[in-house]
Trainee: 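The structure is given below, and queries will be raised subsequently.
For the single chain, residues carry numbers from 1 onward in sequence order. Small disclaimer: the values here were computed from a predicted structure and weren't measured.
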Amino acid sequence: MDSEVLMKEYVKMMTDMIVLCATLALSLFFWVLSLAISTYSGTLQPVSPWRWLFSILVPLVVTVRALKRRSLDRSGALGALLVGFVLTMANYSFFSSLLAFFFTSSRLTRWGGAQKKKIDAEYKEGGQRNWVQVFCNGGVPTELALLYMIEVGPGEIPVDFSKQYSASWMCLSLLGALACSTGDTWSSEVGPVLSQSQPRLITTWKEVPAGTNGGVTPVGLVASFLGGLTVGVAYYVTQLLLVGDLHLADPQWPIMVYGGVAGLVGSMLDSFLGAHMQYSGFDSSIGKVVSYESATTRRICGKPILDNNAVNLFSSVLVALILPGLAWGVWPR
């Protein structure tokens, strides 16, 4: 028994060492790459050692904490470490938005567990997320953060379409993707607990059982807007604290409104896709809505084309592609 315990501790220690070494190697790669590029290009500045150190340590601390609290499993922790590192290195406003999404979503997932267990056949205590869920929510922001660093390098800039159109578009695209994920999570976690009305299917507006893919409630829709707004506020506050000469750029306060709209639109889009491309049926043997077909299941809506992770990914991609263009048309100047 003692040898088994020692072996588990050894494996755990080695895993932590591998994670730390991989993160250090990745951060050093970015630093050396930035130094090399700055040598041949006068427009790019090398990344500060303090920046890449912050980009390692803070995501590592947050990830280890999430792993201990069982908000993430080991694969999810590795994925979150990568996502956190890239977003933090690119722009601290990206990092604060990611933190707002992660902390609020983790808290809400644990909240009202007894009520959620009654209606969700796949409910997991603590909402432990794996690498697939992490990348379906964080993959789009990570790719956008990498493109942002290629465009302007690591650092914080104001959203200003007249001066930096591409970079501003990427910032809003990334914020929209995170707000979409936050809004959908808030809606699905708050709605079942606080809503006093029966959900209605977003495509037909008919009442459906709680837990049906595509079902929405007024409480859930308000929660989705507030979730996106929270991410937008985190982004905006970071801009105020870290970006100089904001008075010379376009107004930044619409970032908060944009986050709220992205959360609401993303949640509704997620519900629309879920109503069409996720199978929902009521299993009379357990009295809950399920995502599989069986002899005891009565179909409610949807076809078994996508799972919940794929729907989340498609929703964030669509929001990231469409909303920045709409924001550009109405952004005050």
Trainee: Restricting to side-chain hydrogen bond (donor to acceptor under 3.5 Å, both in side chains), what partner residues turn up for Glu156, sequence neighbours left out?
Mentor: Arg51
Trainee: Rounded at 0.5 Å granularity, tell me how far CZ in Phe103 sits from OG1 in Thr182.
Mentor: 13.0 Å
Trainee: May I ask whether Phe102 and Val237 are part of the same hydrophobic cluster, defined by side-chain heavy atoms of I, L, V, M, F, W, Y residues being less than 4.5 angstrom apart, directly or through others?
Mentor: yes
Trainee: Might you work through the side chain to side chain contact (heavy atoms under 4.5 Å, CB included) test for Val159 and Phe161, ending with a clear yes or no?
Mentor: CA-CA 7 Å; Val159 174; Phe161 286 101; 4.3 Å; yes
Trainee: Taking only residues two or more places apart in sequence, or in another chain, which ones meet Ser96 in a side-chain hydrogen bond (donor to acceptor under 3.5 Å, both in side chains)?
Mentor: Thr238
Trainee: Quick check: is Leu72 connected to Val61 through a chain of hydrophobic side chains (ILVMFWY, heavy atoms under 4.5 Å apart)?
Mentor: no
Trainee: Give the cluster check for Leu175 versus Leu323: same hydrophobic cluster or not, with ILVMFWY residues linked at side-chain heavy-atom distances below 4.5 Å.
Mentor: yes
Trainee: Is there a continuous path of hydrophobic side-chain contacts, each under 4.5 Å between heavy atoms, that joins Leu321 to Leu147?
Mentor: yes
Trainee: In terms of relative ring orientation, are Phe94 and Tyr235 parallel, tilted or perpendicular, with 30° and 60° separating the classes?
Mentor: tilted
Trainee: Find the distance between CG (Leu60) and CZ (Arg65) and round it off to the nearest 0.5 Å.
Mentor: 14.0 Å
Trainee: Of all residues at least two apart in sequence or in a different chain, which pass the side chain to side chain contact (heavy atoms under 4.5 Å, CB included) check with Thr88?
Mentor: Phe54, Ser55, Pro59, Tyr92, Phe95
Trainee: Verify side chain to side chain donor-acceptor pair (under 3.5 Å) between Asp283 and Tyr292, making sure each step is shown before the conclusion.
Mentor: CA-CA 9 Å; Asp283 191 337; Tyr292 55 81; 2.9 Å; yes
Trainee: Check the hydrophobic clustering (I, L, V, M, F, W, Y; side-chain heavy atoms under 4.5 Å; chains of links allowed) and say if Trp253 and Leu326 are grouped together.
Mentor: yes
Trainee: I'd like to know if the side chain of Thr212 and the backbone of Val208 have a donor-acceptor N/O pair within less than 3.5 Å.
Mentor: no
Trainee: Below 30° counts as parallel, above 60° as perpendicular, anything between as tilted: where do the rings of Trp131 and Phe135 land?
Mentor: perpendicular
